[in-house]
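Every chain is numbered from 1 and lettered A, B, ... according to where its sequence line falls, protein lines coming before strand lines.
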Amino acid sequence: MDREFVFSHPEVQALIREKFIPLAMDDWYLRRQNDAYGKFFIEMTKPSPRGNAGDNTRQGRYVFTASGKFLGFNNNRSPERILSMLRDSLAKWDALPSAEKQPPGGTGDLSREARYLRIPPVDGAVVKVFTRVLERTKEGKFTKVTPPESAPGDLRHRGFDAATDHLWLNAADLKTLLPPPDAKPGTTIPVPRALAQRIARYHFVDSTRGEPPHWKRDEAKTVTLTLTVESAKRAKLVGRVHMETSDGTRGYIATLDGWLEHDRGKLTALHAVATGDHWGDSPLTAGARLGKSPLGVAFALCPDPKGADSIPPQGARWLDGYYDPDRN
Amino acid sequence: MIKKLLILAAAVTVTQAAPPQTTADLVVVISPAKDELAWLAIPWETDLTVARRKAATAGRPIFLWEMDGHPLGCT
């Protein structure tokens, strides 16, 4: 995968850090944005091999100037090939007039349609979500999978690393989720339905080999998430889920165990882990292990989200449907 | 004597039995290891407008990593 094979390569990293402004974006949004922001991108890609993509994906790696002049493209996982593209692009860059490199009037802002903006919830919380395929030891413990040997030069995405997503909780979620400070220890409180369904349908997914399919409403067979008050500021979080497609070819049956801490209406800590058996894959996540096999999903509050932490949840392409899954 | 040794061995075995995996243990197993986060050593911008401004100021080209699914998130 790109993170492992391309962007962890020391020479690729050094060249990008020293000579470029690195930028990462989601093609799904960009190619749909009929605003100045999206049009800038589409115009820039026209001279590239993706120039005739129409409504289809334009994913890849591009080099371009601040004013939108295309300089290079690559969509290969070979570090040597991307280094070659970067060097070729720099040669083209060097030959440009200085006004192209540093536009005298600056670049200005590009207007954006509000429906495509994804901003971390104000007065809410961002929770990192990591997913990993696991193995069970003879003692019944979960461990990372030891990947089988791969052939030299094999750069296929095998899905043994942790996948990353984000769970967004808005202010209304926190208001309904966090127990009142006077709740007595031992009190059990169900996690509000919208949030429980959001966690189960958009985050209890096997995202380890690419964009995962999210669970449909009728595929959520069982979703039971409960808080048990331990003190004025701490509660235990447990749950169990059974997600399964109608034809039974894909599913996840898991239990959740963790805890959260809160103070004056704010979530101050959250650690939870779901473990269970997953089976099946999808056209965009082909290559799952055969049969049922352990999958773990870890949740941890991100106390100060910035940079990569502010990336929206994969399931938030329809934001209203993400926050209220019963609408989806 | 042998009986005492057997009892002692059993006690040691019990003492050395692996403790159950805690939530904290599992968070460590599932979360990315340090080498899986090496790609974050590149200071990725996430906003085209900000990247263009920085590029114009620094006099550098922009390198864009573009995927279906955010490259820094779930891809």
Side-chain angles (χ1 to χ4, degrees), chain A residues 2-3 7-8 13 16-17 19-28 37 40-41 57-66 71 89 93 101-103 106-107 109-110 130 132 139 141-144 161-166 207 210-211 257-258 271-273 275 296 298 300 307-308 310-311 314, chain B residues 6-75:
Chain A
D2 291 1
R3 293 174 186 172
F7 299 115
S8 297
Q13 288 193 340
I16 291 175
R17 276 202 307 257
K19 300 290 186 183
F20 296 85
I21 300 298
L23 170 66
M25 291 198 294
D26 186 342
D27 186 70
W28 189 92
Y37 201 91
F40 177 95
F41 168 70
T57 182
R58 290 174 190 250
Q59 72 176 5
R61 299 67 167 268
Y62 298 85
V63 175
F64 57 98
T65 68
L71 298 175
S89 300
W93 167 264
K101 295 178 182 173
Q102 291 183 289
T107 55
D109 285 358
L110 297 167
F130 298 116
R132 188 189 291 276
E139 295 79 29
K141 289 189 173 186
F142 291 106
T143 63
K144 294 177 186 175
D161 285 348
T164 304
D165 198 4
H166 300 96
S207 54
E211 288 186 285
D257 191 33
H271 284 279
V273 169
T275 48
S310 60
I311 300 309
Q314 176 77 7
Chain B
L6 286 173
I7 291 169
L8 186 61
V12 168
T13 303
V14 168
T15 307
Q16 290 180 341
Q21 247 172 331
T22 64
T23 298
D25 294 337
L26 287 166
V27 167
V28 171
V29 170
I30 296 167
S31 300
K34 192 178 174 187
D35 64 320
E36 292 175 66
L37 297 174
W39 57 282
L40 282 171
I42 296 172
W44 300 102
E45 296 292 338
T46 58
D47 185 311
L48 177 58
T49 296
V50 173
R52 289 178 68 223
R53 192 177 302 135
K54 286 193 171 182
T57 303
R60 291 184 185 186
I62 296 165
F63 173 80
L64 169 63
W65 180 17
E66 169 92 354
M67 292 185 76
D68 272 312
H70 203 292
L72 308 186
C74 190
T75 56

Colleague: Which residues pass the salt bridge (Lys or Arg N to Asp or Glu O under 4.0 Å) test with Asp26(A), not counting sequence neighbours?
Modeller: Arg317(A)
Colleague: Which heavy atom of Ile62(B) sits nearest to which heavy atom of Ala66(A), and what is that distance?
Modeller: CD1-CA, 4.2 Å
Colleague: Side chain from CB out, backbone as N, CA, C, O: work out which of these in Ala24(A) comes under 4.5 Å of a heavy atom of chain B, or both, or neither.
Modeller: both
Colleague: Under 30°, 30 to 60°, or over 60°: which ring-plane class applies to Phe7(A) and Trp44(B), parallel, tilted or perpendicular?
Modeller: perpendicular
Colleague: Nearest 0.5 Å, please: how far is CE in Met67(B) from CG in Asp2(A)?
Modeller: 5.0 Å
Colleague: Where on Ala308(A) is there a heavy atom nearer than 4.5 Å to chain B: the side chain, the backbone, both, or neither?
Modeller: both
Colleague: Pick from Ala56(B), Ala24(B), Ala58(B): which one has the most heavy-atom pairs with chain A under 4.5 Å?
Modeller: Ala56(B)
Colleague: Any idea which heavy atoms bring Thr46(B) and Met25(A) closest together, and the distance?
Modeller: O-CG, 4.0 Å
Colleague: Taking all heavy atoms of Arg53(B) and all of Asp109(A), pick out the closest pair and write down the distance.
Modeller: NH2-OD1, 2.8 Å
Colleague: Can you tell me which of Thr22(B), Val50(B), Val27(B) forms the most heavy-atom pairs within a distance under 4.5 Å of chain A?
Modeller: Val27(B)
Colleague: For Ile21(A), is it the side chain, the backbone, both or neither that has a heavy atom under 4.5 Å from a heavy atom of chain B?
Modeller: both
Colleague: Drop me the distance from Ile30(B)'s CD1 to Thr143(A)'s OG1, to the nearest 0.5 angstrom.
Modeller: 11.0 Å
Colleague: Taking side-chain hydrogen bond (donor to acceptor under 3.5 Å, both in side chains) as the definition, give me every residue that meets it alongside Trp39(B), ordered by chain and number, with sequence neighbours left out.
Modeller: none
Colleague: For residues Ser31(B) and Ala298(A), report the shortest heavy-atom separation together with the two atoms involved.
Modeller: OG-CB, 4.4 Å
Colleague: With no hydrogens and no angle check, is any side-chain donor or acceptor of Arg3(A) less than 3.5 Å from a backbone partner on Pro71(B)?
Modeller: yes
Colleague: Drop me the distance from Asp68(B)'s CG to Trp28(A)'s CH2, to the nearest 0.5 angstrom.
Modeller: 10.0 Å
Colleague: May I ask you to name which of Ala33(B), Pro32(B), Ala55(B), Ala51(B) has the most heavy-atom pairs under 4.5 Å with chain A?
Modeller: Pro32(B)
Colleague: Between Phe41(A) and Glu66(B), what is the shortest heavy-atom contact and its length?
Modeller: CZ-OE2, 3.2 Å
Colleague: Would you mind telling me which of Leu40(B), Asp25(B), Asp47(B) has the largest number of heavy-atom pairs within less than 4.5 Å of chain A?
Modeller: Asp47(B)
Colleague: What option among Lys101(A), Lys19(A), His271(A) has the most heavy-atom pairs under 4.5 Å with chain B?
Modeller: Lys19(A)
Colleague: Quick check for you: to the nearest 0.5 Å, what is the distance between Glu36(B) atom CD and Thr164(A) atom OG1?
Modeller: 8.5 Å
Colleague: I'd like to know which of Arg132(A), Gln13(A), Arg17(A) tops the heavy-atom pair count under 4.5 Å against chain B.
Modeller: Arg132(A)
Colleague: Leu71(A) versus chain B, heavy atoms under 4.5 Å apart: side chain, backbone, both or neither?
Modeller: side chain
Colleague: Between chain A and each of Thr49(B), Leu37(B), Leu48(B), count heavy-atom pairs under 4.5 Å; write down the option with the most.
Modeller: Leu48(B)
Colleague: What part of Ser89(A) lies closer than 4.5 angstrom to a heavy atom of chain B: side chain, backbone, both or neither?
Modeller: neither
Colleague: Top residue by heavy-atom pair count (under 4.5 Å) with chain A, among Thr57(B), Val29(B), Asp35(B)?
Modeller: Val29(B)
Colleague: Quick check: closest heavy atoms across Gln314(A) and His70(B), and the distance to 0.1 Å?
Modeller: OE1-N, 4.3 Å
Colleague: May I ask you to name which of Trp93(A), Phe40(A), Phe142(A) has the most heavy-atom pairs under 4.5 Å with chain B?
Modeller: Trp93(A)
Colleague: Of Lys54(B), Glu45(B), Arg52(B), which meets side chain to side chain contact (heavy atoms under 4.5 Å, CB included) against Leu23(A)?
Modeller: Glu45(B)
Colleague: Taking side chain as C-beta onward, heavy atoms only, is Arg61(A) less than 4.5 Å from Trp65(B)?
Modeller: yes
